[in-house]
Amino acid sequence: METYNYSDLKILEERNSLYKKLLFQSPDLIFQFSISKEGILTFPFMSKSVITHFDLNQGEKNQDAYTVLKSKVHPDDFPLFLKSVQEAKSKLKDWKHEFRALLPQKGMRWYSGFASLEKDDDGAVHFFGKITDVTNFKLQELKLKLSEERYLFALEASSEGIWDLDVATNKVFYSSQSMKMLEFDANDTIDSINLWDDRVHPLDKNRYLTDIQLHIDNITPYYENAQRVLTKSGDYKWILSRGKIIERDENNNPLRIIGTHTDISAQKEKEQDLIKTLGIIGEQNSRLLNFAHIVSHNLRSHSGNIEMLLNIIAEETDEEFIQESFNHLRTSSKSLSQTIVHLKELVEIQSELIQKKENLNLNNYLGKTLDILAEEIKKNKVVIQNKVSKNETIVFNPAYLESILLNFTSNAIRYSHPDRTPVISYSLSANKYHKVLEIEDNGLGINLEKHGKKLFGMYKTFHKHKDSRGIGLFITKNQIEAMGGKVDVISKVGVGTTFKIYFNE
């Protein structure tokens with residue numbers, strides 16, 4: 001049996017009393033919370049600052065701990081508060097918990113509690129701990145969270161991506177919106193700068209890197225560049241990148257660059273449409289000037305010739321000469337009528353009234369053309385190679401298709417090479433935007449270096465053939481372009497010619 005010296009016990013009691021007095025006067029919120037074996041909750045000790053801070057009156061100090069806690073802890077937080085106490089008690093581990101309290105004077109406050117646990121011989125568990133008022137920290141945390149939520153919402157609403165480059169590591173933070181532009185999973189990510197740089201279109205990359213370097217070298221106040229970037233699906237998107245150095249080292253070398261990504265693909269498409277429209281307007285103006293020149297030149301020539309012949313007839317007395325002049329006058333009148341017909345045909349081509357489109361079976365129209373030219377084909381022993389599938393269709397104007405096939409086929413026969421059997425081949429291919437009809441012959445060919453620019457001009461001829469009038473290719477080109485298509489030519493003198501007709505699908 002142990003024995004204790006009375007004086008030692010008295011000293012110990014005095015020290016305990018002193019410690020309690022010191023703790024009681026401590027500005028910290030110090031407490032002892034106990035749960036008996038029977039589950040009764042008590043506060044054996046609370047520092048003066050706890051009593052003052054939680055506005056505890058004399059009556060509350062004498063109440064059981066459960067009632068006091070329920071009256072102070074926020075109702076929404078009270079169940080979790082009790083659960084945290086029970087878990088710490090059952091596992092006899094340190095208690096840590098955050099909760100809100102509703103106080104008469106201070107209103108709602110946030111607290112962080114910590115306590116270490118001991119279990120005595122009677123089965124009671126004691127919590128020795130401290131409570132810290134973290135209201136200001138929580139308010140700042142909530143403000144920051146709200147600010148971040150607003151920032152994220154603004155980013156999503158603006159459809160702009162954010163990038164943040166750490167120059168030392170070459171690692172970049174890409175926002176979810178930037179990843180979404182490239183059709184990757186819409187998540188924030190940190191990756192190498194090569195994730196973006198390697199996807200920049202080869203034709204845009206040099207300018208892209210140059211613009212960045214100009215800003216790094218302090219030549220430009222900020223970085224801005226529009227580049228095509230390869231997406232996950234394999235298509236390119238136009239992205240406008242902007243950036244600015246926000247941190248440099250003591251040697252003025254960049255440490256951090258932040259910026260934005262903006263998808264400007266739709267804007268670029270509109271720009272291309274505008275350029276295309278301006279091109280069409282330019283072509284129309286060019287055609288208009290060409291048409292005006294043709295009208296002015298050709299009609300003036302005919303009218304001047306007719307006027308001259310009429311003056312000769314009026315002044316001449318020789319009947320035979322007068323009759324000869326009348327024959328010339330009749331020829332000039334016929335030429336004038338023919339020119340007017342040609343000009344009227346050009347006007348009709350440009351008129352929207354006859355630019356109707358239908359889904360046409362190409363083989364059927366090709367068959368009609370070959371039937372019309374059957375005698376010419378037989379007479380010249382022409383070999384026809386039709387490689388067009390029977391069910392191939394194109395969207396085009398029926399009258400124009402007949403005229404185009406007739407013009408190109410009759411030209412191929414007319415300008416066949418005298419030293420070999422004429423061969424005319426027809427084939428059809430397709431790309432993303434067009435169906436392409438190729439009409440190939442092994443005829444005389446055309447010197448494109450010499451005549452290429454005026455090949456489709458009005459009244460332009462390139463071979464000394466008695467039936468050449470120089471109007472067929474001019475009319476045909478206008479018909480194709482009026483339908484939104486185009487025509488190209490490949491030719492070599494003495495080898496043959498291939499016309500490629502692009503039907504706008």
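The figures here come from the full heavy-atom set of this structure, side chains too, leaving out hydrogens, waters and symmetry mates.
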Within the distance-only criterion (no hydrogens, no angle test), does the side chain of Asp166 pair as donor or acceptor with the backbone N or O of Ala168 below 3.5 angstrom? yes
Main-chain N/O of Val495 paired with Asn442 side-chain donor or acceptor, under 3.5 Å: no
Greater than 12 external heavy atoms within 6.0 Å of Lys83's NZ: no
Taking the six-membered ring of Phe503 as reference, does the NZ or CZ atom of Lys435 fall below 6.0 Å from its centre and within a 45° cone about the axis? no
For the residue pair Thr262 and Glu160, confirm or rule out a side-chain donor-acceptor distance under 3.5 Å. yes
Is the NZ or CZ atom of Lys205 both under 6.0 Å from the centre of the six-membered ring of Tyr208 and within 45° of that ring's axis? no
Less than 4.5 Å apart, side chain to side chain, heavy atoms only: is that true for Ile439 and Ile424? yes
Quick one: CZ on Phe184 to OG on Ser178, what's the gap to the nearest 0.5 Å? 12.0 Å
Would you compute the distance between atom OG1 of Thr498 and atom CD1 of Ile490 and round it to the nearest 0.5 angstrom? 6.0 Å
To the nearest 0.5 Å, what is the distance between CD on Glu402 and NZ on Lys368? 5.5 Å
Within-4.5 Å side-chain heavy-atom neighbours: Glu320 and Gln323: no
Indicate, with yes or no, if the rings of Tyr223 and His215 have centres closer together than 6.0 Å. no
Is it true that the side chains of Trp196 and Gln227 contain a donor and an acceptor less than 3.5 Å apart? yes
Scan Val383, Val382, Asn380 and name whichever one has a side-chain contact (heavy atoms from CB on, under 4.5 Å) with Thr421. Val383
Taking Lys138 first and then Glu98, would you say they form a salt bridge - that is, a charged N and a carboxylate O separated by under 4.0 Å? yes
Interatomic distance, Leu80 atom CG to Glu87 atom CD [nearest 0.5 angstrom]: 9.5 Å
Answer yes or no: is there a side-chain heavy-atom contact under 4.5 Å between Leu362 and Thr393? no
Roughly how far apart are Arg414 CZ and Leu444 CG, rounded to 0.5 Å? 12.0 Å
At their closest point, which heavy atom of Tyr365 faces which heavy atom of Pro398, and how far apart are they? OH-CB, 3.5 Å
Parallel, tilted or perpendicular for Tyr236 and His201, by the 30°/60° rule? tilted
Would you mind checking if Asp191 and Lys171 are paired as a salt bridge, meaning a charged N to carboxylate O distance below 4.0 Å? no
Within this structure, what is the CE-CD1 distance for the pair Met181 and Ile264, rounded to the nearest 0.5 Å? 10.5 Å
Ring pair (Phe, Tyr, Trp, His ring centres under 6.0 Å) with His74: which residues, sequence neighbours excluded? none
